[in-house]
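Every value quoted in this text rests on a predicted model; they were computed, and no experiment measured them. The basis for the numbers below is simple: all heavy atoms, side chains too, and nothing from hydrogens, waters or symmetry mates. Here is the naming used below: chain letters follow the sequence lines, and residue numbers restart at 1 for every chain.
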Amino acid sequence: MSNEKPVRTRFAPSPTGYLHVGGARTALFNYLYARAKKGSFILRIEDTDQARSDKKSRDQMIESMIWLGLDWDEGPEKGGAFGPYSQSERLDIYKEYAQKLIDEKKAYLCFCSNEELEAKKKQREAMGLPPVYDGKCRSLEEDEIEKKRQETPNHVIRFKMSKEEIIVQDKVQGVVKFDSSLIGDFIIVKSDGFPSYNYAVVVDDNLMQINHVIRGVGHLSNTPRQIAIYRAFNWEEPVWAHVSEIVGSDHKKLSKRHGATAITSFREMGFPPESFLNYMSLLGWSPPDGVEFMTKEKIISQFDIERCNKSPSMFDVFDLSIADGVELSDLNHFELEKYLFAKSKLNWLSNNHIRSLSEERYLKDMMPFVKESGQVPEEEIDGERLKNILLSLRVYLDYLMQIEKYIGDFFNKFDITEDALSWLKKEHALKLTESFLNLVKDNSDWKEENIMPIIKEAGSICEVKGKDLFMTIRAASTGKTTGLELPVYLALLGKERVLKRLENSIDAIRP
RNA sequence: GUCCCCUUCGUCUAGUGGUUAGGACUCGGGAUUUUCAUUCCCGCAACAGGGGUUCGACUCCCCUAGGGGACGCCA
């Protein structure tokens, strides 16, 4: 087996909407497999549906792929030895091969009208027969074909399906048998001259030398059709791998109803791409060592299609029960955030990824969210203080957008929460706050290591210690009962800001 | 309707005839952190149901239920 061909996989989306979780996961598995086997990963755009395909979807999909880090070796724009990589630019190729099939009597022109077909289908169904094409145009004579061509402008090309049993050997599904007589002569070229999916996919995959087809199990029942075409051309079948589908929390296949499955939504909320990639890799696959937090490189090194499972996995990072009638896919990332499960595995993974990002990368990625929050004054945007604040806050974040919950506290925002107020209502609070205020005023070197002694000194002056001391000072100077380690927090806040807040708190304490 | 596929803790999953059915996220409890988060420890929690086969079934077979997919001039 030493001279095995290099692995070539592909992702072949149709540009009829944004890239969603299901598609992205398929892309990911193809990518991972290609990379794991040191092969190539190809991107092909399947835009043969003239009515539904559009450029905007195409561009958005490509953008999402790039964001996820699923870089392809050949594809549109990028090029490669087997282009073009958009089906709409390959029309001549499909025509050529279709003609070949016709010449070899493996395909034929069909002139049946939609109405006729529809009526027949109903009839067959009523009789309990499988709703397949009856083969009316299958054995038309040459002169009849010519005559019909004159009469009817539109025709399709159908593939002559044999009646044999077709066996699909699948890396994930195992051996699956299909009875071809239940399939019938399907259309390979539509009346607009465009190829149908089952035909185009085979021509392209063969010409592009794709030797591993990894896709959702929804395509399994298409596979016998495709195998039949491979055989008609005498082409070598690829290795098939039909992985489980991803479903929503209602156990139905992921669709627009489940909303917000667009990859862009997660980018907009500030999930690092590696965390989303990590999460998706765990849907239908698991690493042999069981450690789920992984870098892309680690995933690649452990990935194998054989470890993919057949049962559907649920994508449940949104709480649909509180969404009640709300169309999540209509929401912007700002509104969408409310429906996120606070404690999903995605969040956990993402928190871990954020914490292991390099400082530069973290800071750089964070800036748009800081700006968007509108809580940081212009002059501080590039400052050292902001940088230090962001770095200390890192441990709290599951996705970068969450910074807006914390960042304001370090600038002009100052509210005293109920909890904090109850500390300030304690007997010792006023005196302690005042004496702490005085000590802070006197301080001339405001930095982290000098703050603890000041807190303790205020405590000993007022004879307060332990929790009472720390929590009161925390409440008075931050307005909250939670947050960073107190000296760190106060150092980050800066002396002037602390003084001002202490004064505000004293006002709040006084009747 | 016909054909194909699926069903292990709430969720993601490990598991291929003999396991106290393992891990992760969540949840509960505890320790550390004079707060929160982090970290660590402990705990709750599952083989869809029913029949077989077998000395022995989560694992193999059949049936039922539930779910998904295909049967398109959608991909």
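Here C5(B) is the nucleotide among A75(B), C5(B), U35(B) with the atom lying nearest to any side-chain atom of Val176(A). Side-chain proximity of Phe178(A) to the nucleotides A75(B), C4(B), U11(B) is greatest for C4(B). Side-chain proximity of Asn309(A) to the nucleotides U35(B), A14(B), U11(B) is greatest for A14(B). Considering only the side chain of Thr48(A), A75(B) comes nearest among C6(B), C71(B), A75(B). Distance from the side chain of Thr482(A) is smallest to U35(B) among A75(B), U35(B), C6(B). Among the nucleotides C5(B), U34(B), U39(B), the one closest to any side-chain atom of Phe470(A) is U34(B). When each of U35(B), U11(B), U38(B) is scored by its nearest atom to the side-chain atoms of Met471(A), the top-ranked nucleotide is U35(B).
Both distances falling under 3.5 Å, in either a Watson-Crick or a G-U wobble arrangement, occur for no nucleotide opposite A14(B). Both distances falling under 3.5 Å, in either a Watson-Crick or a G-U wobble arrangement, place U7(B) opposite A65(B). Searching all strands for a Watson-Crick or G-U wobble partner of U2(B) with both distances below 3.5 Å returns A70(B). In this entry A57(B) has no Watson-Crick or G-U wobble partner, no candidate having both defining distances under 3.5 Å. Nucleotide U19(B) has no partner under the Watson-Crick or G-U criteria, as no pair reaches both atom distances under 3.5 Å. G28(B) and C42(B) make up a base pair, with Watson-Crick or G-U wobble contacts both under 3.5 Å.
Here the side chains of Phe29(A) and Met280(A) are not in contact, with every heavy-atom distance at 4.5 Å or above.
Across all strands, Asn351(A) comes closer than 4.0 Å to no nucleic acid atom at all (heavy-atom distances). Using a 4.0 Å heavy-atom criterion, one finds that Asn222(A) contacts the bases of the nucleic acid, with or without backbone contacts as well.
Ring centroid separation for the pair His219(A) and Tyr197(A) comes in under the 6.0 Å cut-off. Aromatic rings of Phe271(A) and Phe276(A) (six-membered ring for Trp) have centroids beyond the 6.0 Å cut-off, not under it. For Tyr406(A) and Tyr396(A), the distance between ring centers is under 6.0 angstrom.
Comparing U39(B) with C71(B), their P atoms sit 48 Å apart, to the nearest whole Å. Spacing between A46(B) and U59(B) at atom C1', rounded to whole Å, works out to 15 Å. Rounded to whole Å, the separation between the C1' atoms of U8(B) and C3(B) comes to 28 Å. Using P as the reference atom, C63(B) and C5(B) are 12 Å apart when rounded to the nearest Å. C4(B) and C40(B) have their P atoms separated by 49 Å, with the value rounded to a whole Å. Across the P atoms, C47(B) and U53(B) are found 24 Å apart, a figure rounded to whole Å. Look at the P atom in both U20(B) and C61(B): the space between them is 25 Å, to the nearest Å. Across A48(B) and U54(B), the matching P atoms stand 23 Å from one another, rounded to whole Å.
Rounded to an integer number of Å, the gap from Arg225(A) CZ to C73(B) P is 10 Å. In this structure, the CG atom of Leu349(A) is 14 Å from the P atom of C12(B), given to the nearest Å. Remark: P of A70(B) and CD of Gln226(A) are 13 Å apart, rounded to the nearest angstrom. When rounded to the nearest whole Å, the span between CG of Asp289(A) and P of U13(B) equals 16 Å. In this structure, the CG atom of Leu117(A) is 14 Å from the P atom of C71(B), given to the nearest Å. Atom P of nucleotide C5(B) and atom CD of Gln169(A) are separated by 14 Å, given to the nearest angstrom. Across the protein-nucleic acid pair, Trp348(A) atom CH2 and A37(B) atom C1' stand 16 Å apart, rounded to whole Å. Atom P of nucleotide U35(B) and atom CD of Glu485(A) are separated by 10 Å, given to the nearest angstrom.
Taking only side-chain nitrogens and oxygens, Ser286(A) comes nearer than 4.0 Å to OP1 or OP2 of A14(B). Arg158(A) has no side-chain polar atom (N or O) that falls below the 4.0 Å cut-off from OP1 or OP2 of G72(B). Dashed line: the shortest gap from a side-chain N or O of Lys121(A) to OP1 or OP2 of G1(B) is not under 4.0 Å. Look at Ser313(A) and you'll find a side-chain N or O under 4.0 angstrom from OP1 or OP2 of U13(B). Between Lys177(A) and C3(B) there is no side-chain N or O to OP1 or OP2 distance below 4.0 Å. For G15(B), one of the phosphate oxygens OP1 or OP2 lies less than 4.0 angstrom from a side-chain nitrogen or oxygen of Arg307(A). Distances shown here put every side-chain N or O of Asn347(A) at or beyond 4.0 Å from the OP1 or OP2 atom of U26(B). Between Lys343(A) and U11(B) there is no side-chain polar atom (N or O) within less than 4.0 angstrom of OP1 or OP2.
Residues Leu182(A) and Asp192(A) each lie close to RNA chain B; by heavy-atom proximity, the contact nearer the 5' end of the strand is made by Leu182(A). With the nearest nucleotide of RNA chain B identified for both Ser221(A) and Ser113(A), Ser221(A) has the one nearer the 5' end.
Residue side chain Glu292(A) reaches the base of G23(B) through a donor-acceptor N/O pair under 3.5 Å, judged by distance alone. Interface remark: the Lys345(A) side chain does form a donor-acceptor pair with the C12(B) base, using a distance-only criterion of under 3.5 Å. Between the base of C6(B) and the side chain of Ser311(A) there is no donor-acceptor pair shorter than 3.5 Å. Side-chain to base pairing of Tyr396(A) with C36(B): one donor and one acceptor N or O lie within less than 3.5 Å of each other.
Between Phe303(A) and Trp285(A), the angle of the ring planes lies from 30° to 60°, which puts this pair in the tilted group. The aromatic rings of Phe41(A) and Tyr31(A) stand perpendicular to each other, their planes meeting at an angle above 60°, with 30° marking the opposite boundary.
Panel note: side chain Ser505(A), backbone Ala476(A); a donor-acceptor pair is recorded below 3.5 Å. Remark: side-chain polar atoms of Arg10(A) are not paired, donor with acceptor, to backbone N or O of Ile210(A) under 3.5 angstrom.
Looking only at atom types and distance, the side chain of Asp204(A) has a donor-acceptor partner in the side chain of Tyr94(A) under 3.5 Å away.
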